[in-house]
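Following this message is one structure expressed as structure tokens.
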Amino acid sequence: MSFSTEQINRRAHVSPKKTALLCDLSDGQLLSDLPHSGTLDYNEGLESKGHHGSSASSGSSGMSLLWKSLLCVACGMVFGIALHKSHVSYPEVIRKQMQLKQFILVKFFLSALATSMFTMSLLAMIPPTHRSFMVACNKYFNKLADKSVTSSIVGGWLMGVGMTVAGSCPVAVFPQIGSLVPNIGYIFLGGLVGVLMYSVLKPLFDSLMKPTIKESSNPWSHSPYFVLALPLVAMFGITVCAFETLLPWDSELKGSGKQDERLAVDAWPPYIAGMLVGILQLPLVIGMYETLGGSSSFIVMISQGLVGPLKSLSPFACKYQRGFDHWWQIFYVGGAVFGGFLSALASGTLGEAAGVPPSHGFIGGVLLHLGARIGGGCTSGHGLSGMGLLSIMSFIMMACTFAGGMSTAFALQLFGVV
């Protein structure tokens with residue numbers, strides 16, 4: 001499936017002369033309609049700022065990949081620190097949110113989403129960054145080309161159930177690893193199993209949940225992106241303020257503000273941590289033509305074990321074995337592990353978060369990542385980037401995630417499991 005020049009110009013609300021780069025959704029490559037058009041491969045990192053398709057020297061290419069790797073690690077570290085300091089990576093905080101006993105997670109999420117939308121609105125409005133925004137946008141919607149409303153509902157529901165059972169999120173597992181949350185290894189192992197199950201059974205899932213939206217789930221086809229996004233930024237911001245007024249964050253968390261050092265305090269306001277995460281869209285879009293997300297790193301991990309005759313198990317996963325377009329998330333989640341570790345070490349909370357039982361961790365991990373793969377994204381990929389780009393699929397996915405999570409939380413309470 002690919003978009004014509006006219007379709008992308010209409011969706012971007014810019015004239016053909018201003019559309020310097022387009023994204024062919026059939027093969028993930030950039031098409032330039034400049035006089036000297038050329039094709040650029042994402043795996044080569046789009047080395048030239050002029051985007052004329054000329055190949056860079058191997059030395060400069062290697063240096064560019066080094067800087068991009070460091071950028072991913074740095075962004076991951078900020079993400080890991082923010083999740084740990086806001087306590088969003090604590091299993092009990094995730095479970096209490098689904099039980100509606102605490103609203104730390106909602107404050108963090110809506111703050112991150114609002115900041116993400118605001119950041120991308122600026123990127124879309126400013127001429128020098130508009131091109132990067134459109135490339136990142138089209139790359140994102142390309143990833144949803146084989147998804148449907150059904151896959152968003154099923155995937156979102158499974159992911160929500162997994163969040164409550166495991167007390168984790170597909171990407172929050174990495175700060176949890178860094179901060180030594182008890183039994184986190186079972187959640188991680190369950191995640192690998194869930195992704196392997198999806199990778200092997202992908203043809204079956206595709207046949208059962210065929211796409212029903214022929215083009216993109218992008219709703220801003222007749223208006224500039226920021227015209228629709230900025231009112232939502234205000235609405236989400238007001239919602240966070242209302243929650244914070246009724247339920248101050250420091251009354252919901254224990255041990256906040258014990259020390260003076262900014263990094264060493266036990267907890268940060270969730271809206272501040274959420275804003276830090278939302279701002280990460282800026283360096284990722286400009287430097288990587290990517291948006292926030294990290295759950296695909298699990299596909300990269302399991303693909304490394306598919307060698308020799310095992311490759312036939314999942315041709316889909318084998319595509320993730322090489323290429324920086326996939327491996328950048330490995331650097332990102334690696335940074336998240338390190339960030340979670342630094343944050344917990346600085347505040348003296350390594351291993352202090354209450355974990356879940358091993359059986360809950362493994363089963364929840366399987367459901368978390370199976371759901372994320374069926375739906376095509378996680379709480380970062382769909383929740384912050386997809387909803388940030390106003391994807392209808394992402395709004396459906398996240399609504400089902402919280403519905404599945406809350407219904408599971410109440411069911412577990414009813415039967416005395418938690």
Test item: N183 side-chain N/O and V356 main-chain N/O as donor-acceptor pair under 3.5 Å
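A pair under 3.5 Å: yes.
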
With distance as the sole test, does Q102 use its side chain to make a donor-acceptor pair with the main-chain N or O of K96 at under 3.5 Å?
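It does not hold such a pair.
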
Nearest non-hydrogen partners of H87 and A267, listed with the distance:
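Taking every non-hydrogen atom into account, NE2-CB, 3.7 Å.
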
So, does T129 use its side chain to make a donor-acceptor pair with the main chain of L123 at under 3.5 Å?
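The answer is yes, because a donor-acceptor pair under 3.5 Å joins these two groups.
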
Angle class for the H130/F133 ring planes (parallel below 30°, perpendicular above 60°, tilted otherwise)?
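Taking F133 first and then H130, their aromatic rings sit tilted (interplane angle of 30° to 60°).
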
Taking all non-hydrogen atoms of both residues into account, name the closest pair between V181 and A353 and its distance.
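Closest pair (atom of V181, atom of A353, distance): CG2-CB, 4.1 Å.
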
If you compare all heavy atoms of S347 against all heavy atoms of H84, which two are closest, and at what distance to 0.1 Å?
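It is OG-CE1, 3.8 Å.
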
Does K107 pair with E252 as a salt bridge, N-O distance under 4.0 Å?
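Salt bridge between K107 and E252, a charged N being under 4.0 Å from a carboxylate O: yes.
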
Which atom names give the shortest non-hydrogen contact between L368 and A166, and what distance separates them?
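Closest approach of L368 to A166: CD1-CB, 4.3 Å.
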
Please confirm whether the backbone N or O of A317 pairs with a side-chain atom of Q321, one donor and one acceptor, at under 3.5 Å?
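It does not hold such a pair.
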
Ignoring hydrogens and geometry, is there a side-chain-to-backbone donor-acceptor pair from S116 to L384 under 3.5 Å?
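Side chain of S116 to backbone of L384, a donor-acceptor pair under 3.5 Å: yes, one is there.
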
For Y186, does the OH atom sit with more than 12 other heavy atoms under 6.0 Å from it, leaving out its own atoms?
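Not buried by this count: 12 neighbours or fewer within 6.0 Å.
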
Is the shortest heavy-atom distance from the side chain of Y332 to the side chain of S297 under 4.5 Å?
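No. Closest side-chain heavy atoms not under 4.5 Å.
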
Got L192 and M301 here, is their nearest side-chain heavy-atom distance under 4.5 Å?
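In contact.
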
salt_bridge(K85, D266) N-O dist < 4.0 Å
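Answer for the salt bridge query: no.
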
Side chain to side chain contact (heavy atoms under 4.5 Å, CB included) for S69 and F324? Distances and angles first, verdict last.
CA-CA 9 Å; S69 300; F324 194 74; 3.4 Å; yes

Would you check if V193 and H369 make a side-chain contact, meaning some heavy-atom pair closer than 4.5 Å?
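V193 does not reach H369 side chain to side chain.
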
Find out whether T379 and P170 are in side-chain contact, i.e. whether some heavy atom of one side chain is under 4.5 Å from a heavy atom of the other.
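Touching, per the 4.5 Å side-chain cut-off.
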
Does T115 use its side chain to pair, donor to acceptor, with the backbone of S111 at less than 3.5 Å?
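Side chain of T115 to backbone of S111: a pair is present.
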
Polar side-chain atom of Q176 near backbone of I184 as donor-acceptor pair, under 3.5 Å:
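Pair absent, no side-chain N/O of Q176 close to backbone of I184.
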
Which of these passes ring pair (Phe, Tyr, Trp, His ring centres under 6.0 Å) with F174: F298, F341, F338?
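Among F298, F341, F338, the one meeting ring pair (Phe, Tyr, Trp, His ring centres under 6.0 Å) with F174 is F298.
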
Can a donor-acceptor pair be found, under 3.5 Å and without considering hydrogens, that links the side chain of S343 to the backbone of G339?
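No, because the side chain of S343 does not come within donor-acceptor range (under 3.5 Å) of the backbone of G339.
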
Between Q281 and S385, does the side chain to side chain donor-acceptor pair (under 3.5 Å) criterion hold? Intermediate values first, please.
CA-CA 8 Å; Q281 298 284 14; S385 296; 3.2 Å; yes

Before accepting this row, confirm whether a basic side-chain N of the pair K202/D146 lies closer than 4.0 Å to the acidic partner's carboxylate O.
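Yes, K202 and D146 are salt-bridged.
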
When the ring centroid of F205 is compared with that of Y198, is the distance short of 6.0 Å?
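Here the rings of Y198 and F205 have centres that are less than 6.0 Å from each other.
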
Is a side-chain N or O of T349 found less than 3.5 angstrom from the main chain of E352, in a donor-acceptor match?
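Looks like no, no N/O pair under 3.5 Å.
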
Walk me through it: do L230 and F118 pass the test side chain to side chain contact (heavy atoms under 4.5 Å, CB included)?
CA-CA 6 Å; L230 290 179; F118 182 76; 3.9 Å; yes

Taking atom CE as the centre, does M275 end up with more than 12 heavy-atom neighbours from other residues, nucleotides or ligands that are less than 6.0 angstrom away?
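Atom CE in M275 is not crowded, with 12 or fewer foreign heavy atoms closer than 6.0 Å.
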
Could you tell me if the side chain of M125 sits less than 4.5 Å from the side chain of M120, heavy atoms only?
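The answer is no; the side chains never approach within 4.5 Å.
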
Please find the pair of heavy atoms, one from C400 and one from S152, that lie closest to each other, and give the distance.
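So the minimum-distance heavy-atom pair works out to CB-O, 4.4 Å.
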
Below 4.5 Å, heavy atoms only, C-beta onward: do K101 and R95 meet side chain to side chain?
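Side chain of K101 against side chain of R95, heavy atoms only: no contact under 4.5 Å found.
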
Just wondering, do L412 and Q99 contact through their side chains at under 4.5 Å, heavy atoms?
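No, too far: nothing below the 4.5 Å cut-off.
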
Keeping N142 on the side-chain end and N138 on the backbone end, is there a donor-acceptor pair under 3.5 Å?
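Answer holds: no.
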
Student check: side-chain heavy atoms of M288 and C72 closer than 4.5 Å
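In short, these two side chains touch, coming nearer than 4.5 Å.
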
What distance do E92 atom CD and I94 atom CD1 have between them, rounded to the nearest 0.5 Å?
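These two atoms lie 10.5 Å from each other.
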
Rounded to the nearest 0.5 Å, how far apart are CG of L276 and SG of C75?
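It comes to 11.5 Å.
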
Evaluate side chain to side chain contact (heavy atoms under 4.5 Å, CB included) for V285 paired with T291, printing each intermediate quantity in order.
CA-CA 6 Å; V285 170; T291 51; 4.2 Å; yes

Which word best sums up how the rings of Y140 and H382 line up, parallel for under 30°, tilted for 30 to 60°, or perpendicular for over 60°?
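Ring orientation, 0 to 90° scale: perpendicular.
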
Establish, from distance only, whether the side-chain atoms of S199 and R373 form a donor-acceptor pair under 3.5 Å.
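No, no side-chain donor-acceptor pair sits under 3.5 Å.
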
Please assess F108 against L83 for the test side chain to side chain contact (heavy atoms under 4.5 Å, CB included), listing each intermediate value before the final yes or no.
CA-CA 9 Å; F108 174 91; L83 258 67; 3.3 Å; yes

Looking at V106 and Q97, what are the two nearest heavy atoms and their distance?
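For V106 and Q97, the tightest heavy-atom pair comes out as N-OE1, 3.1 Å.
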
For the residue pair F243 and Y271, is the inter-centroid distance of their aromatic rings smaller than 6.0 Å?
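So the answer is no for these two rings.
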
